[in-house]
Amino acid sequence: MDSHVETLALREQFETPAQQKEASTLGMWIFLVTEIMFFGGMFLAYAVYRSIYPNVFSTASNTLNVVIGAVNTGVLLCSSFTMVLAVRSAQIGSRKALIVFLILTMLFGGVFLGVKAYEWNEKFVEHHVPGPTFHLEGTPMQGQAQLFFSLYFAMTGVHALHMVVGVGIMLTLLFQAYAGKYTPDYYTPVDVGGLYWHFVDIIWIFLFPLLYLIGRHHH
Amino acid sequence: MHEHVDSVKTYTIVFVGLLILTLLTTVVATIDLGQFNIVVALVIAVVKMLLVALFFMHLRHSTILTKVVVGGGLLWLGILLLLGLSDFVSRGWLPVPGK
């Protein structure tokens with residue numbers, strides 16, 4: 001029996017580093033598939049109610065600030081860009097660049113969450129939060145309008161929760177990168193953390209048009 | 001073990017493309033295309049998703065197994081949406097006995 005020295009890149013139970021890497025990446029993708037189904041249920045609920053009440057959904061959607069939504073989409077895309085550069089820095093073994101890009105990714109993520117908090121606060125001020133004080137101007141269908149905002153809060157809320165978790169992951173990666181744990185031979189956590197971050201970005205790519213843009217052509 | 005490393009230029013082009021598509025979808029939404037507004041919005045969103053998945057998530061360099069798993073995930077999402085919606089669409093088609 002040959003005894004190989006166990007490293008981070010090659011644990012005892014794997015044949016090759018490539019096999020170990022593949023196991024981790026595939027595991028993350030399988031988790032992301034469960035996330036697709038998790039968000040998919042909410043997208044289905046949205047599609048059903050929008051198909052039944054298209055006009056109320058348009059009216060409700062038009063109260064959202066489309067400029068803020070578009071800019072925030074840009075901020076999130078910036079964070080994905082810095083994330084992929086962080087992974088690339090890890091690939092080529094640049095510890096300093098990895099640290100800088102991880103910090104930038106967290107910053108962009110933080111800005112996105114800050115803007116989101118500002119938007120949510122606006123909803124409370126404007127009485128657009130489902131509940132006894134809810135009131136939407138321009139439609140008699142208050143109950144159906146609350147459906148839109150229920151979906152809005154559920155979907156953006158769960159998305160933001162994923163962002164908070166993502167920032168936590170970035171923080172962990174940052175500490176480990178600072179400690180010099182990652183080398184071109186082993187940077188799987190950075191890679192897999194990146195997959196998660198980009199996935200959350202993709203969810204927003206669908207949320208933005210469905211929540212902010214569906215009624216704009218009625219103006 | 002060294003994987004394929006994409007150039008910063010490739011990532012920058014994809015990033016700029018994503019920003020342009022975001023601007024495009026925002027502007028197109030203000031033009032009245034009737035039923036096609038939602039179609040255009042979703043097509044642009046799918047293109048953006050593909051850019052992020054293929055380039056940022058390195059799916060184009062991934063193994064066949066990973067691609068099959070991702071494709072399977074999207075297939076099941078399709079089943080969820082298609083069967084879920086077909087239920088709602090077809091509910092009024094047949095009379096309910098005794099109602």
Side-chain angles (χ1 to χ4, degrees), chain A residues 9-10 16-18 20-22 25-26 29-30 32-37 39-41 43-45 47-48 50-52 66-67 69-70 73-74 77-78 80-81 83-85 87-88 91-92 184-186 191 194-195 197-199 201-202 205-206 208-210 212-219, chain B residues 1-8 10-12 14-16 18-19 21-23 25-34 37-38 40-42 44-53 55-59 62-63 65-67 69-70 72-74 76-78 80-81 83-85 87-89:
Chain A
L10 183 55
T16 61
Q20 179 178 328
K21 180 84 193 294
E22 169 72 1
T25 315
L26 185 64
W29 272 110
I30 288 172
L32 293 182
V33 167
T34 71
E35 290 273 80
I36 291 175
M37 300 312 286
F39 279 97
F43 279 106
L44 175 62
V48 166
R50 184 180 175 265
S51 69
I52 304 177
V66 71
V67 175
T73 307
L77 291 172
C78 284
S80 258
F81 183 49
M83 183 70 236
V84 82
L85 292 178
V87 174
R88 188 179 183 277
Q91 282 178 327
I92 60 175
D185 287 325
Y186 178 75
D191 207 17
L195 287 179
W197 191 269
H198 296 308
F199 172 81
D201 191 11
I202 287 176
I205 283 174
F206 284 94
F208 171 60
L210 291 178
Y212 288 76
L213 300 178
I214 49 166
R216 297 293 152 188
H217 59 284
H218 289 146
H219 263 191
Chain B
M1 176 201 63
H2 288 281
E3 302 184 323
H4 188 95
V5 181
D6 284 322
S7 68
V8 175
T10 306
Y11 289 140
T12 309
V14 173
F15 171 57
V16 172
L18 286 167
L19 288 181
L21 285 171
T22 302
L23 196 67
T25 193
T26 310
V27 173
V28 170
T30 61
I31 304 166
D32 194 355
L33 303 170
N37 275 100
I38 189 69
V40 172
L42 285 176
I44 292 176
V46 167
V47 171
K48 286 168 81 180
M49 174 191 80
L50 288 175
L51 284 176
V52 172
F55 289 89
F56 286 1
M57 298 171 95
H58 307 123
L59 204 54
S62 294
T63 56
L65 179 59
T66 305
K67 285 173 187 163
V69 166
V70 177
L74 291 177
W76 281 102
L77 175 68
L80 173 73
L81 295 178
L83 287 188
L85 284 174
D87 170 28
F88 269 85
V89 170

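Reminder, nothing fancy here: chain letters follow the sequence lines and each chain counts from 1.
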Colleague: For chain B, which candidate among Leu213(A), Val84(A), Leu32(A) shows the most heavy-atom pairs at distances under 4.5 Å?
Modeller: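 Answer, by heavy-atom pair count under 4.5 Å with chain B: Val84(A).
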Colleague: Can you tell me which of Val14(B), Val28(B), Thr63(B), Leu42(B) forms the most heavy-atom pairs within a distance under 4.5 Å of chain A?
Modeller: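 Winner by heavy-atom pair count: Thr63(B).
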Colleague: Counting heavy-atom pairs under 4.5 Å with chain B, which one of Phe206(A), Tyr212(A), Trp197(A) comes out on top?
Modeller: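 Most pairs with chain B among the choices: Phe206(A).
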Colleague: Is any side-chain heavy atom of Leu65(B) closer than 4.5 Å to one of Glu22(A)?
Modeller: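 Glu22(A) vs Leu65(B): side chains touch.
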Colleague: Go through the atoms of Ile205(A) and report whether side chain, backbone, both or neither lie under 4.5 Å from a heavy atom of chain B.
Modeller: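 Backbone plus side chain of Ile205(A), per the 4.5 Å heavy-atom cut-off to chain B.
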Colleague: Looking at Val87(A), Val33(A), Thr34(A), which has the largest count of heavy-atom pairs under 4.5 Å with chain B?
Modeller: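 Maximum pair count with chain B is reached by Val33(A).
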Colleague: Distance only, no hydrogens: is a donor on one side chain within 3.5 Å (strictly under) of an acceptor on the other, for Lys48(B) and Thr22(B)?
Modeller: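 Note: Lys48(B) and Thr22(B) side chains meet the donor-acceptor criterion.
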Colleague: Between Ile31(B), Leu23(B), Val70(B), which residue shows the highest count of heavy-atom pairs closer than 4.5 Å to chain A?
Modeller: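 Most pairs with chain A among the choices: Val70(B).
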Colleague: So, the side chain of Arg88(A) versus the backbone of Asp6(B): is there a donor-acceptor pair under 3.5 Å, distance only?
Modeller: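 Between the backbone of Asp6(B) and the side chain of Arg88(A) there is a qualifying donor-acceptor contact (under 3.5 Å).
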Colleague: Check whether any side-chain heavy atom of Thr16(A) sits under 4.5 Å from a side-chain heavy atom of Lys21(A), and report yes or no.
Modeller: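 They are not in side-chain contact.
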Colleague: Given a strict heavy-atom distance threshold of 4.5 Å, which part of Leu77(A) is in contact with chain B: side chain, backbone, both, or neither?
Modeller: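 Its backbone and side chain both get close to chain B.
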Colleague: Identify which of Thr12(B), Leu21(B), Leu74(B) forms the greatest number of heavy-atom pairs closer than 4.5 Å to chain A.
Modeller: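 The answer is Thr12(B).
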Colleague: Tell me, for Val46(B) versus chain A, whether the close heavy atoms (under 4.5 Å) come from the side chain, the backbone, both or neither.
Modeller: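 Both parts, heavy atoms under 4.5 Å.
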Colleague: Quick check on the interface: out of Gly69(A), Ser80(A), Gly74(A), who has the most heavy-atom pairs with chain B under 4.5 Å?
Modeller: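 Sorted descending by pairs with chain B, the first entry is Ser80(A).
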Colleague: Ser62(B) side chain to His58(B) main-chain N or O, any donor-acceptor pair under 3.5 Å?
Modeller: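 Yes.
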Colleague: Side chain, backbone, both or neither: which part of Leu44(A) has a heavy atom under 4.5 Å from chain B?
Modeller: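 It is both, since atoms from each part get that close.
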Colleague: Tell me, for Tyr11(B) versus chain A, whether the close heavy atoms (under 4.5 Å) come from the side chain, the backbone, both or neither.
Modeller: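 Looking at Tyr11(B), backbone and side chain both touch chain A.
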Colleague: Can you tell me which portion of Asn37(B) sits under 4.5 Å from chain A's heavy atoms? Options are side chain, backbone, both or neither.
Modeller: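 Contact with chain A: side chain only.
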Colleague: Under 4.5 Å heavy-atom distance to chain B, tell me which part of Phe199(A) shows up: side chain, backbone, both or neither.
Modeller: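 Both parts, heavy atoms under 4.5 Å.
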Colleague: Which bit of Val67(A) is near chain B, if near means a heavy-atom gap under 4.5 Å: side chain, backbone, both or neither?
Modeller: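 Neither part.
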Colleague: For Leu85(B), which atoms come within 4.5 Å of any heavy atom of chain A: side chain, backbone, both, or neither?
Modeller: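 Backbone plus side chain of Leu85(B), per the 4.5 Å heavy-atom cut-off to chain A.
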Colleague: Is any side-chain heavy atom of Arg50(A) closer than 4.5 Å to a side-chain heavy atom of Ile38(B)?
Modeller: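 SC-SC contact between Arg50(A) and Ile38(B) confirmed.
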